[in-house]
Amino acid sequence: MSGVSGAALWEVSCINRSLSALSDVLGALAEQRPHVPYRNSKLTHLLQDAIGGDAKLLVMLCVSPTQRYVTESLQSLGFGTRARQVQKELPRRKGNPLKVK
């Protein structure tokens, strides 16, 4: 859809694969599957600590009001919907709880 060729086409393809892998990770977290495919992409592997565990994830989407980009905007909103479905357990304290005086 981008209309690029050559090296730029290869770069766009890599970006799309990374975003697809991120979507797979968010889907696995949302469905609370026992295996989360963090290692399917360099992006998700590097972001593993920021996506999983006690971390909070902020997803910013870019949508366009013009008809020309309606497909991309709808895909972005679908991605955001999947990301929003991720529910994490509350963090648990390990060891002795803090005492308040």
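Quantities reported herein were computed from a predicted structural model and do not represent experimental measurements.
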Which atom pairs, donor and acceptor, lie under 3.5 Å between side-chain atoms of residues 37-46 and protein residues at least two apart or in another chain?
unit_1	atom_1	unit_2	atom_2	d
S41	OG	L43	N	3.0
T44	OG1	Y38	O	2.6
T44	OG1	S41	O	3.2

Task: Q67 atom CD, over 12 foreign heavy atoms within 6.0 Å - done: no
Task: CZ on R82 to CG on L22, rounded to 0.5 Å - done: 9.5 Å
Open item on the list: How long is the straight-line distance from OG of S23 back to CG of N16, given to the nearest 0.5 Å?
Closed with: 12.0 Å
Open item on the list: Can you list everything that forms a side-chain contact (heavy atoms from CB on, under 4.5 Å) with S13? Sequence neighbours excluded, please.
Closed with: R17
Open item on the list: Just verifying a value: how many Å separate L29 CG and Q85 CD, rounded to the nearest 0.5 Å?
Closed with: 12.0 Å
Task: Cluster overlap V36 with F79, hydrophobic side-chain contacts below 4.5 Å - done: yes
Open item on the list: Could you walk me through whether L74 and V63 satisfy the side-chain contact (heavy atoms from CB on, under 4.5 Å) test, starting with their C-alpha distance in whole Å, then the side-chain angles of each, then the deciding distance to 0.1 Å, before giving a yes or no?
Closed with: CA-CA 8 Å; L74 290 174; V63 290; over 6 Å; no
- [ ] Report the C-alpha separation of L47 and V25 in whole Å, then their side-chain angles, then the decisive distance to 0.1 Å, and conclude whether the side-chain contact (heavy atoms from CB on, under 4.5 Å) test is met.
- [x] CA-CA 11 Å; L47 292 177; V25 165; over 6 Å; no
Open item on the list: Applying a strict under-4.5 Å side-chain criterion to I, L, V, M, F, W and Y, I'd like to know whether V86 and L57 cluster together.
Closed with: yes
Task: Atom pair OG/CG of S76 and L19 - distance to nearest 0.5 Å - done: 9.0 Å
Task: Heavy-atom pair of closest approach, residues L77 and L61 - done: CA-CD1, 4.2 Å
